[in-house]
Amino acid sequence: MESVHHVSASSKMLFSKVRKIVPPMLEKFHKGQLGRVAVIGGCADYTGAPYFSAMASARLGMCIRSKCSENTTLILNSQDVTCHVVCERTAAPVIKGYSPNLMVHPLLPSSETVHDSNSFDAPSLAKPIIGMLSRLHALVIGPGLGRDSVTLQVVTEVIKEARSQSIPFVLDADGLLIVTEDPDLVKGYKNCILTPNVVEFGRLAKALGVKVSSPAEIAQGEDKNTTDKESAACAQLSQALGGVTIVQKGPHDVISNGITSIISDVKGGLKRSGGQGDTLTGSLGTFLAWRAAYHQKLWDSDEEDNEKEAQSQQEVEAEITSENKRMSPATTLLLAAWAGSGITRECSRRAFEAKGRSMQASDLTDEVHGAFLRLIGEPDEPKTRL
Ligand SMILES: NC(=O)C1=CN([C@@H]2O[C@H](COP(=O)(O)OP(=O)(O)OC[C@H]3O[C@@H](n4cnc5c(N)ncnc54)[C@H](O)[C@@H]3O)[C@@H](O)[C@H]2O)[C@@H](O)CC1
Ligand SMILES: Nc1ncnc2c1ncn2[C@@H]1O[C@H](COP(=O)(O)OP(=O)(O)OP(=O)(O)O)[C@@H](O)[C@H]1O
Ligand SMILES: [Mg+2]
């Protein structure tokens, strides 16, 4: 295994660099320009997961505020990140009923909607979803997707096409199952983030032949060794997937692209209610969309140009610790993962503080704005307006 290094930059420094990829509010931007995100998931059994994910994405995208004068702050909805949900037919009215803010498309086929689930044309069933891709900046694939074989084969086609169009995506839950069965779908793709929980991580590791120490084995030894062992396992899995970025969720989240690792230990809440991972995926969707806008230079970030693409841990760390150097895609992908993890854990902490044992996943949704302001804050106005 290549040697893996931890980024030693402080949390404060990492969040201050995240602020660089958060778009400022400029009059010239139009609706959707700062990010159109689609969550692909939602079936008869699970409607909450895609809703939590999409709402986290939209709430994060909406929470940038523009200062108009000393005392007034205007929320400019026209510059929001817009969020779509692409789900199975029966889930659509339910998800629409949760929120009129989301655009919900009942485009996911299932065994119930095809004539013969043993003989169907997945690429042509995927066409209506693939047709949306060119207008999207990021995808979140998997929340509440379910395990219907027709649905999963159609989503496999969507993943192939998203990759060929270089659209960034997050894979979680049943989306990870697709990768467990066909790792080549994402192998080597440097524009995606996988967010396995402990069980999903184990399944992926097994599928890729990566030996992972059991929690009991990891627990033996000093605290520092424990973290080292966990991040080594995450890095190994990332390497087996050709450098895909992984957020391994747990008491702390381990983020690795196989070369560089970051431990996200922002304090979380104590309640482990189902659905917290969905706030993570939606937040990541928005950060991926913002990151794409940063690399397209949609605004002047007032940073020095940087011709060299960071690859190694030292190069990534140099970009993170530099005052004013434009960052490379490898660095911003790690920062997006870090930011999504931090926001989710801070949401969980705040929601737990407010609700205690009665905390539910929906309580995290309400905390996204506050978490953003506390951890990241508003981006500086660029000095030069384009
Ligand atoms: N409200 C909703 O609609 C929700 C739907 N969800 C969806 O439910 C579907 C199945 O997801 P599951 O996560 O249940 O996946 P699985 O069906 O693979 O179950 C995972 C199992 O692992 C266990 N587990 C999880 N974390 C663990 C840990 N740290 N240590 C030990 N065991 C652990 C769980 O209790 C569960 O039994 C997915 O589509 C997912 O997106 C979830 O996102 C939760 C919320
Ligand atoms: N023991 C823990 N202490 C603090 N935070 C945790 C702990 N376990 C998980 N988390 C946080 O909760 C969030 C969701 O992680 P979790 O392991 O619950 O994922 P999940 O099982 O996929 O969730 P979901 O129920 O949404 O499917 C992550 O942001 C993670 O950092
Ligand atoms: Mg999950």
Side-chain angles (χ1 to χ4, degrees), residues 39-56 60 85 87-88 90-91 94-95 97-98 108 110 140-148 151-152 155 170-181 193-204 206-207 212 214-216 218-219 226-227 230 234 246-255 262-284 287 337-353 359-365 367-368 371 375:
V39 175
I40 302 185
C43 63
D45 285 347
Y46 309 118
T47 52
Y51 165 78
F52 296 137
S53 179
M55 283 307 282
L60 187 59
V85 177
C87 61
E88 195 266 322
T90 57
V94 182
I95 299 171
Y98 296 151
L108 275 180
S110 72
V140 176
I141 303 171
L145 190 60
R147 296 185 179 172
D148 181 274
T151 308
L152 294 187
V155 174
V170 180
L171 281 169
D172 187 43
D174 307 309
L176 290 173
L177 198 68
I178 298 177
V179 174
T180 303
E181 280 164 18
I193 300 178
L194 273 47
T195 56
N197 65 19
V198 69
V199 178
E200 291 154 346
F201 187 89
R203 283 191 204 122
L204 277 167
K206 193 168 170 215
V212 182
S214 69
I218 287 180
T226 308
T227 314
E230 283 169 344
C234 186
I246 297 175
V247 178
Q248 182 187 4
K249 297 175 290 191
H252 46 255
D253 294 344
V254 182
I255 299 162
I262 308 179
I263 303 293
S264 168
D265 54 4
V266 170
K267 192 170 167 12
L270 289 179
K271 174 93 185 279
R272 304 269 79 80
S273 62
Q276 299 195 57
D278 303 315
T279 292
L280 173 66
T281 57
S283 304
L284 290 173
F287 280 113
W338 158 266
S341 163
I343 291 275
T344 306
R345 295 172 69 90
E346 169 69 3
C347 285
S348 170
R349 185 192 69 76
R350 297 164 82 94
F352 181 70
E353 203 172 275
M359 185 192 104
Q360 300 290 296
S362 55
D363 297 318
L364 268 69
T365 311
E367 300 294 342
V368 171
L375 295 182

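Both counts, for ligands and for their atoms, begin at 1 and track the order of listing.
Comparing heavy-atom distances from atom 21 (O) of ligand 2 across I343, V247, N197 singles out N197 as nearest. Of all the listed residues (Q276, E200, K271), Q276 holds the heavy atom that lies closest to atom 12 (O) of ligand 2. Taking each of G268, S348, G250 in turn, the one with a heavy atom nearest to atom 11 (C) of ligand 2 proves to be G250.
Less than 4.0 angstrom separates atom 35 (O) of ligand 1 from none of the non-hydrogen atoms of the protein. Distance check for atom 14 (O) of ligand 1: every protein heavy atom is found at 4.0 Å or beyond. Within the 4.0 Å cut-off (strictly below), a protein heavy atom is located near atom 22 (O) of ligand 1. Distances from atom 4 (C) of ligand 1 to the protein include at least one heavy-atom value under 4.0 Å. Atom 8 (O) of ligand 1 is approached by the protein to below 4.0 angstrom, counting heavy atoms only. Under the 4.0 angstrom criterion, atom 27 (C) of ligand 1 counts as having a protein heavy-atom contact. Distance remark: protein heavy atom present below 4.0 angstrom from atom 43 (O) of ligand 1.
The shortest separation from a heavy atom of G275 to ligand 2 is under 4.0 Å, placing the residue in contact. Taking 4.0 Å as the cut-off, A173 does not count as a neighbour of ligand 2 on heavy-atom distance. Residue D278 places a heavy atom under 4.0 Å from ligand 2. The closest approach between R147 and ligand 1 falls below 4.0 Å for a heavy atom of the residue. Distances from ligand 1 to the non-hydrogen atoms of R272 include no value under 4.0 Å. G274 counts as a contact of ligand 2, since one of its heavy atoms falls under 4.0 Å from the ligand.
With a 4.0 Å cut-off on non-hydrogen atoms, D253 touches ligand 2 through its side chain and not its backbone. Residue H252 does not touch ligand 2, judged by heavy-atom distances below 4.0 Å.
Any N or O atom pair closer than 3.5 Å counts here, and V198 shares no such pair with ligand 1. Considering backbone and side-chain N/O of F52, none are found under 3.5 Å from N/O of ligand 1. In terms of polar-atom proximity, G274 is not counted as a contact of ligand 1, lacking any N or O under 3.5 Å from an N or O of the ligand.
At least one donor-acceptor pair closer than 3.5 Å links the side chain of D174 to the backbone N or O of G146.
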